[in-house]
Amino acid sequence: MSVIFVKTSAKLNLSLNVLGTLENKYHDLDMVICPISMHDEITIEKANKGIHLSCTDKEIENDSNLVYRAAQKILEYTSTDAGVKIHLNKRIWKQAGLGGGSANAAGVLMGINELYELNLSKNQLADMGVSLGADVPLFLNNGITRVQGIGERVEYYNFDTKLFFVIVQGEQGLSTQEVFRLYDSNPCRRRTDNEIIIKAVQQNDIGVLAKNMHNCLQQTAMVLNDTILNAIDYLKRFGAENAMMTGSGSAVYGIFTDKEIAHQAENTLKTEFKNCFLAVSEKEYITIQKL
């Protein structure tokens with residue numbers, strides 16, 4: 001085996017509670033996350049030495065990219081002398097709250113583990129992943145996901161529901177650090193019950209899910225990017241049961257009960273926003289294929 005193909009799915013936050021700030025200055029989170037059909041593609045090949053990264057987005061084709069750093073981390077951790085050649089086909093939008101960078105890092109850890117038959121456990125990969133970013137470990141397993149703390153406490157739940165989302169993003173992205181910095185000056189007091197969110201997904205109760213969706217960072221992000229409020233209004237106007245920002249933004253999604261209505265909304269909103277995508281919930285964050 002000398003080539004691995006990895007598909008990494010984006011995620012949507014169905015909830016994001018900020019419970020407070022920890023002693024290490026990280027935020028204490030409690031959120032529910034769902035994998036979706038928007039994805040990146042990564043090809044990983046054996047190489048004699050070094051890490052060779054290419055990407056369809058030249059702006060992120062450098063050694064500070066999470067893909068490069070993940071490859072560096074696992075090769076150093078296992079004292080693997082050989083290198084890798086990695087190509088990233090970038091489809092997940094940047095600075096959107098869709099988790100593309102973290103998913104790619106997790107995909108590279110899993111892919112190199114498979115490529116070189118390193119036999120590392122999921123826990124070992126998670127330990128490496130959290131040093132790259134708090135979101136990385138959640139992508140190592142599958143299912144609807146509850147994430148707590150800074151991302152180190154992760155629970156997965158099986159579900160067979162097909163959820164339909166229309167996701168939009170304007171011209172301006174958002175920096176996660178900037179959103180949290182401004183949030184700290186005016187924190188959100190509202191919380192949602194994540195057990196209700198998970199149960200609603202498992203029971204395909206879109207009404208209950210839509211009613212309980214909440215993102216503590218949304219009001220702060222609106223101050224930095226007024227496109228978010230416009231996107232929420234548009235999505236509701238064109239049939240979404242509810243609409244909300246994902247993660248720290250700047251992408252906004254609407255949840256729909258009917259795929260055809262979602263498709264009509266997508267066709268309309270393509271003319272209003274830089275990016276627009278009709279997504280379906282997935283069961284898997286990462287899939288690996290041996291070529």
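All values derive from a computational prediction rather than experimental measurement. Sequential numbering from 1 along the given sequence is applied to the chain's residues.
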[X] and [Y]: side-chain donor and acceptor closer than 3.5 Å?
| X | Y | value |
| --- | --- | --- |
| His263 | Asp258 | no |
| Gln169 | Ser250 | yes |
| Lys73 | Ser131 | yes |
| Ser121 | Asn123 | no |

For [X] and [Y], which heavy atoms make the closest approach, and how far apart are they?
| X | Y | value |
| --- | --- | --- |
| Thr227 | Gly170 | CG2-CA, 3.9 Å |
| Ser9 | His39 | CA-CB, 4.1 Å |
| Phe165 | Leu12 | CG-CD1, 3.5 Å |
| Tyr156 | Phe139 | OH-N, 4.4 Å |
| Ala262 | Leu278 | CB-CD1, 3.6 Å |
| Glu45 | Leu115 | C-CD2, 3.9 Å |

- Between Tyr116 and Val84, does a side chain to side chain contact (heavy atoms under 4.5 Å, CB included) hold up when you go through it step by step? CA-CA 10 Å; Tyr116 279 110; Val84 286; 3.8 Å; yes
- Query: Tyr234 vs Phe238 aromatic rings, parallel, tilted or perpendicular, using cut-offs 30° and 60°?
  - Reply: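 It falls in the parallel class, under 30°.
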Does [X] use its side chain to pair, donor to acceptor, with the backbone of [Y] at less than 3.5 Å?
| X | Y | answer |
| --- | --- | --- |
| Asn113 | Leu109 | no |
| Asn17 | Arg191 | no |
| Tyr77 | Gln124 | no |
| Asp40 | Arg91 | yes |
| His52 | Lys49 | yes |

- Item | Positive for side-chain hydrogen bond (donor to acceptor under 3.5 Å, both in side chains) with Ser15, one of Thr192, Asn194, Asn212, Asp193 |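 Testing each of Thr192, Asn194, Asn212, Asp193 against Ser15, the sole residue satisfying side-chain hydrogen bond (donor to acceptor under 3.5 Å, both in side chains) is Asn194.
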Can you find a heavy atom in the side chain of [X] that is under 4.5 Å from one in the side chain of [Y]?
| X | Y | value |
| --- | --- | --- |
| Ser37 | Phe277 | yes |
| Ile51 | Lys85 | no |
| Lys290 | Glu114 | yes |
| Leu66 | Leu132 | yes |
| Val6 | Val108 | no |

- Message: Can you tell me which residue among Ile36, Thr8, Ile33 is in a side-chain contact (heavy atoms from CB on, under 4.5 Å) with Tyr285?
- Response: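 Between Tyr285 and the candidates, side-chain contact (heavy atoms from CB on, under 4.5 Å) is satisfied uniquely by Ile33.
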